[in-house]
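Only this structure's heavy atoms are used, side chains among them; waters, hydrogens and symmetry mates stay out.
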Amino acid sequence: MAEPLCGTYYPSIGSKGRMAFPNKLRDILGPEFFIVPGKGGKYLSVYSPEEYDIFMGKLNTITGIQGEAARRYYIAKSDKQTSDKQGRIFIKDYLREYAEITDEVVVIGASYKAEIWSKANWEEYNNSISMADIDAALADLVL
């Protein structure tokens with residue numbers, strides 16, 4: 001894995017889906033990256049080509065009709081992006097609809113991927129997690 005993606009950013013997004021993708025994250029992801037629906041939440045995952053290949057490899061291990069459906073869903077919903085000279089990307093309508101992105105967005109680094117959230121969904125998610133939950137999750141780790 002390359003350098004981990006971290007931090008929280010509040011870029012602007014236009015009504016037509018163009019947004020400035022944070023330089024620090026773009027520098028780590030590289031010139032091209034993939035945007036896909038997030039797993040288990042109303043957000044978008046952003047993968048470098050290498051991490052996208054790992055993600056696709058994991059999808060290919062799922063057998064049967066469910067595996068086929070998951071592969072079709074994620075491959076059809078994946079969007080390969082390259083930022084323009086101003087560092088802007090375009091988030092397609094179907095991805096903005098999935099993540100309920102309308103105006104304010106939050107972009108976070110999440111280790112091996114970045115995530116794009118609507119500000120409202122990010123705040124709702126953060127309000128649903130307590131420090132007690134986090135402490136319990138970390139209880140057996142030596143940090």
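Of the inter-residue distances, the one linking Ile101 atom CD1 with Ile13 atom CD1 reads 5.5 Å to the nearest 0.5 angstrom. Distance check: Leu29 CG to Leu5 CG gives 5.0 Å after rounding to the nearest 0.5 Å. Taking CD1 of Ile54 as the reference point, atom NZ of Lys113 lies at 13.0 Å (rounded to 0.5 Å). Separation of atoms OG (Ser111) and CD (Glu51) is listed at 8.0 Å; rounding is to 0.5 Å.
Tyr10 and Tyr125 fall within the same hydrophobic cluster, where Ile, Leu, Val, Met, Phe, Trp and Tyr residues are linked whenever their side-chain heavy atoms come under 4.5 Å apart, directly or through other members. Cluster annotation: Tyr94 and Val36 are assigned to the same hydrophobic cluster (Ile/Leu/Val/Met/Phe/Trp/Tyr, side-chain heavy-atom contacts under 4.5 Å, transitive).
The 12-atom threshold is not exceeded at CD1 of Ile65, counting heavy atoms of other residues, nucleotides or ligands nearer than 6.0 Å. Within a 6.0 Å sphere centred on CD of Gln66, other residues, nucleotides and ligands contribute 12 heavy atoms or fewer. Annotation for Lys24: atom NZ does not count as buried by contact number, only 12 or fewer foreign heavy atoms lying within 6.0 Å. Other residues, nucleotides and ligands contribute over 12 non-hydrogen atoms within 6.0 Å of the OH atom of Tyr73.
A cation-pi arrangement is absent between Lys77 and Tyr98, since the terminal nitrogen or guanidinium carbon is not both under 6.0 Å from the aromatic centre and inside a 45° cone about the axis.
Proximity of a side-chain donor or acceptor of Gln81 to a complementary backbone N or O of Phe90 within less than 3.5 Å is detected. Arg71 contributes a side-chain N or O that, together with a main-chain N or O of Gly67, makes up a donor-acceptor pair within less than 3.5 Å.
Side-chain atoms of Val107 and Phe21, non-hydrogen and from C-beta on, do get closer than 4.5 Å to each other. Contact check for Met131 versus Ile134: side-chain heavy atoms found under the 4.5 Å cut-off. Between Tyr43 and Ile116 the shortest side-chain heavy-atom distance does not fall below 4.5 Å. Residues Arg88 and Arg18 have side chains in contact (heavy-atom distance under 4.5 Å, counting atoms from C-beta outward). Side-chain contact between Pro11 and Val105: present, with at least one pair of heavy atoms (C-beta onward) separated by less than 4.5 Å. Residues Ile75 and Met56 have side chains in contact (heavy-atom distance under 4.5 Å, counting atoms from C-beta outward). At least one side-chain heavy atom of Ile89 sits less than 4.5 Å from a side-chain heavy atom of Met19. Within the 4.5 Å cutoff, the side chain of Tyr74 has heavy atoms near those of the Pro37 side chain.
Between Ile108 and Val106, the shortest heavy-atom distance links the atoms CG2-CG1, 4.0 Å. Between Gly38 and Ser45, the shortest heavy-atom distance links the atoms CA-OG, 3.7 Å. When all heavy atoms of Asp79 and Leu95 are compared, the pair lying nearest together is CB-CD1, 4.0 Å. The two residues Gly109 and Leu25 make their nearest non-hydrogen contact at CA-CD2, 4.2 Å. In plain terms, the two heavy atoms of Asp84 and Gln86 that are nearest each other are OD1-N, 2.9 Å.
Between Lys119 and Asp103 no salt bridge is recorded (no basic side-chain N to carboxylate O distance below 4.0 Å). Note on Asp93 versus Arg96: salt bridge recorded, some NZ/NE/NH1/NH2 to OD/OE distance being below 4.0 Å.
Ser78 and Tyr52 share a side-chain donor-acceptor pair at under 3.5 Å. Between the side chains of Glu115 and Trp117, at least one donor-acceptor pair of N or O atoms lies under 3.5 Å. For the residue pair Asn121 / Glu123, no side-chain donor-acceptor distance below 3.5 Å is found, with atom types taken as modelled.
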inquiry  = Phe33 vs Arg26, test: side chain to side chain contact (heavy atoms under 4.5 Å, CB included). Steps then yes/no.
reply    = CA-CA 9 Å; Phe33 44 87; Arg26 201 173 63 246; 4.1 Å; yes
task = With ring-ring contact (aromatic ring centres under 6.0 Å, His included) as the test, would you mind laying out the steps for Tyr47 and Phe34 before giving the verdict?
result = CA-CA 5 Å; Tyr47 295 103; Phe34 291 85; 8.6 Å; no
